[in-house]
Amino acid sequence: MPPKRGRPIAVKLLILLLVPLLSLVGLWAFAAGLTGADGVRLLAINDLVTNLATPSEQVNIALQEERLASVEVLVSGRGADGLAKRRGRTDRAVATFRRLVKNVRDLSPEMTAQLNTLNGKLDQLAQVRKDVDGASVAPLDVIDGYSQIVDASFRMYDAMVLVPEMTLYQQAKAITMLGEAKDLLSRERAMIAVVLAKGQVEPRDREAFTGMAATRRLLFAQALSHLDADLRGPYETLSASPVYQEFLKAEDAIRGQAATNGLPATAATWPVDGENLWRAVERNQAAAVTGITQRVTPTAIGMLVKIGVAGGVGLVAVIASIMLSLRFRKRLVRELAGLRDAATELAEVRLPGLVRRLRTNTAAPTPAEIAPLEVRTHSAEVDDIVEAFNQVQSTAVEAAVDQARLRHGVSQVFVNLARRNQSLLHRQLLQLDSMERATEQPELLADLFKLDHLTTRMRRHAESLIILSGQTPGRGWRNPVPIHDVLRAAVAEVEEYERVEVLQTPPVALLGSAVTDVAHLMAELVENATLFSPPQTRVDVRSTTTPNGLVVEVEDRGLGLPRVELDELNDRLTTTPEFDLAQSDRLGLFVVSRLAARHDIKVTLSPSPYGGLTAMVALPASLLADQPVLSGR
């Protein structure tokens, strides 16, 4: 019996959108029909508060936090992560504000002008951030840039005359003044960060801070004079509290501080004093807004009674919609997160690990390596995606296994053909050696020598295929061989050996087990030197002993290589990459890389003083014999 399929994601999304939408539309339609003309006015007031005042206040709060974080990053270079979070919060608040303000209708001309000014200032936020990121602006200018945006919002509040005939109008204006005083407190906190970073109060900073502090105190005093006893009580308590008094002392200290005197010992507590007062002011401001809002409620009590039933039913519908939406959202997020984690593990862990293992071991994949994805889901589409991933995994594994087996088979073919050619070429060399000893004619002997040289080069090419396949050539030596003989043997396997000069070598010998590989490695480097240099130039091979072993240099007089390509070749010689058939023109470098890695030999290409390249081969001391001895097979 096939497994039960879950509901499609399209149906879930449709339910997620329709339930709250229909609930809200029904709620507002019922309320509008019930309240009639009286409700229109209340909804107009609520529209301004909901779509303009509240979102713009959230923008101000986000800007105040971002302003302080920007100044701290600018003066100290720390806190970039926190600044990024603050900017994200500000962007979301601005986006919400601009989206909701489109719902406001029938604004007065003055209100429309102030709103346009605020939007223009918000458009300048990107330039302020750019200046902060480039550290090309003074901290005071940063504070001023953010402050211009906040000031524009307060000018918009001044133009908001929602209910001019209400007796609470003066109370609301006073609370707006307290909001401006709160913003000035935020600017002072930013200035404190600047002063602490500089370690002194410069004249310009003191002048700006003095203006902020004086304006804040004036607004605070004027606002308190307009508030009645109930709303003024928390602020009077705050003004008499140690928190407020400590900050006043910090303000006075900064205003009276000279630039040449440094900062007093109490400066370390200024940020804490500002933070403590900020929290207290935020609490009082929220309480004051709540209090003034609660005073408006009795004036609309009759209207609220009419819409109470509709509001209650609508509230239940909204809560039910939210709960249902959250349930579907949680389930979808959990399913998609599980699918994401499983797919990530497959793409970044399991498949790469299997491919790496198949490069050296072509055995069939284990059940753990090809285990299907397991994701708990109740959605048909997610089930289909999981099944598709499992099919993709099976196809990818089959392709990787086939590719590994093909690569292994090709490698074995190369090895078999190379070993057969190696055997035939070895017999041919023996035959040529016998013919050379048997003839005395100079012309014929010269031809035999050329044929012997060609056969030697053919044998080296056959050994290159064996080396690239991960095998070792069959020929070798039991006893150490003088390094001079090894280098001469390497030169003898190069086509233009007449151009190569092996300079005086140190009296050291190479272990027999490494003779074949070292000779092959040096032959590849010498051949590259002859191929990539003019035919009339010479290639020098010099060697010298070091505390760590022996260094052999192969120097040509060619045109050299660009630095980028030279670095790429050195990286290839160091990391020993897998042989790429598409780069067969660099076959010798792959062979050199494999041989160097086998014996811990370091090979480096560098520019030559003559304009060409110098290949430096560092043979470790472990490959050298203590005393030079005669070579012997």
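We number each residue from 1, following the sequence as shown.
Salt bridge present: Arg87 and Asp133 bring a charged side-chain N and a carboxylate O closer than 4.0 Å. Comment: Asp144 does not engage Arg204 in a salt bridge, judged by the lack of any side-chain N to carboxylate O separation of less than 4.0 angstrom. Here Arg255 does not pair with Glu251 in a salt bridge; the nearest charged N to carboxylate O distance is not below 4.0 Å.
Nearest heavy atom pair, residue Ala80 against residue Val73, reads N-CG2, 3.9 Å. Nearest heavy-atom pair across Pro271 and Ala267 is CD-O, 3.7 Å. Trp278 approaches Lys182 most closely through the heavy-atom pair CZ3-O, 3.3 Å. Nearest heavy atoms, Val75 versus Pro139: CG1-CG, 3.7 Å. Scanning all heavy atoms of the two residues, the minimum distance from Thr176 to Phe154 falls at O-CE2, 3.8 Å. Smallest separation of non-hydrogen atoms from Val142 and Ser70: CG1-CB, 4.2 Å.
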ask   = Please walk me through it: do Ile143 and Val71 pass side-chain contact (heavy atoms from CB on, under 4.5 Å)?
value = CA-CA 7 Å; Ile143 296 175; Val71 171; 3.7 Å; yes
inquiry  = Set out, in order, the CA-CA distance, both residues' side-chain angles and the distance that settles salt bridge (Lys or Arg N to Asp or Glu O under 4.0 Å) for Glu202 and Arg206, then state yes or no.
reply    = CA-CA 6 Å; Glu202 297 181 352; Arg206 183 173 60 255; over 6 Å; no
inquiry  = salt bridge (Lys or Arg N to Asp or Glu O under 4.0 Å) for Glu66 and Arg129? Distances and angles first, verdict last.
reply    = CA-CA 10 Å; Glu66 182 180 334; Arg129 291 175 173 176; 2.8 Å; yes
key: Arg563/Asp567 under salt bridge (Lys or Arg N to Asp or Glu O under 4.0 Å): CA gap, chis, key distance, verdict   = CA-CA 6 Å; Arg563 171 55 62 180; Asp567 293 340; 3.5 Å; yes
ask   = Given the rule in the salt bridge (Lys or Arg N to Asp or Glu O under 4.0 Å) test, do Arg187 and Asp183 qualify, once you have shown the distances and angles that lead to the verdict?
value = CA-CA 6 Å; Arg187 302 181 196 183; Asp183 181 68; 2.8 Å; yes
ask   = Glu188 and Phe209: side-chain contact (heavy atoms from CB on, under 4.5 Å), yes or no, with the steps?
value = CA-CA 6 Å; Glu188 290 182 71; Phe209 186 88; 3.4 Å; yes
query = Please walk me through it: do Leu248 and Arg217 pass side-chain contact (heavy atoms from CB on, under 4.5 Å)?
reply = CA-CA 10 Å; Leu248 289 180; Arg217 295 184 182 186; 3.6 Å; yes
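In this structure, the separation between CD on Glu180 and CG on Leu218 is 10.5 Å, given to the nearest 0.5 Å. Summarising the geometry, atom CG belonging to Leu184 is positioned 9.5 Å from atom CD belonging to Gln64; distances are rounded to the nearest 0.5 Å. Put simply, CG on Leu68 and CG on Leu63 are 12.5 Å apart, with the number rounded to the nearest 0.5 Å. Rounding to the nearest 0.5 Å gives a distance of 11.0 Å between CD of Gln222 and CG of Leu178. Considering CD of Glu236 and CG of Leu224, their distance stands at 6.5 Å, rounded to 0.5 Å. Interatomic distance, CD1 of Ile149 versus CG of Asn119, reported as 11.0 Å (0.5 Å rounding).
Between the side chains of Arg67 and Ser186, at least one donor-acceptor pair of N or O atoms lies under 3.5 Å.
For the pair Met191/Leu140, a side-chain contact is recorded, criterion being any heavy-atom separation below 4.5 Å from C-beta on. Looking at heavy atoms from C-beta onward, Phe247 lies in side-chain contact with Ile192 at the 4.5 angstrom threshold. No side-chain heavy atom of Ser153 sits under 4.5 Å from any side-chain heavy atom of Val59. Asp273 is not listed as a side-chain neighbour of Val243, based on a closest heavy-atom distance of 4.5 Å or more. The closest side-chain heavy-atom distance from Trp270 to Ile254 is below 4.5 Å. Side-chain atoms of Leu238 and Leu277, non-hydrogen and from C-beta on, do get closer than 4.5 Å to each other.
Proximity of a side-chain donor or acceptor of Glu72 to a complementary backbone N or O of Ala193 within less than 3.5 Å is not detected. Asp205 places no side-chain N or O within 3.5 Å of a backbone atom of Val201 that could act as its donor or acceptor partner. Remark: side-chain polar atoms of Thr215 are not paired, donor with acceptor, to backbone N or O of Met212 under 3.5 angstrom.
In this structure, Gln148 places its CD atom where more than 12 heavy-atom neighbours from other residues, nucleotides or ligands lie under 6.0 Å away.
Evaluation of the salt bridge (charged side-chain N to carboxylate O under 4.0 Å, His left out) test over residues 116-127, restricted to residues two or more places apart or in two chains, returns Arg98-Asp123.
The six-membered or imidazole ring of Phe220 lies near that of Tyr244, with a centre-to-centre distance under 6.0 Å.
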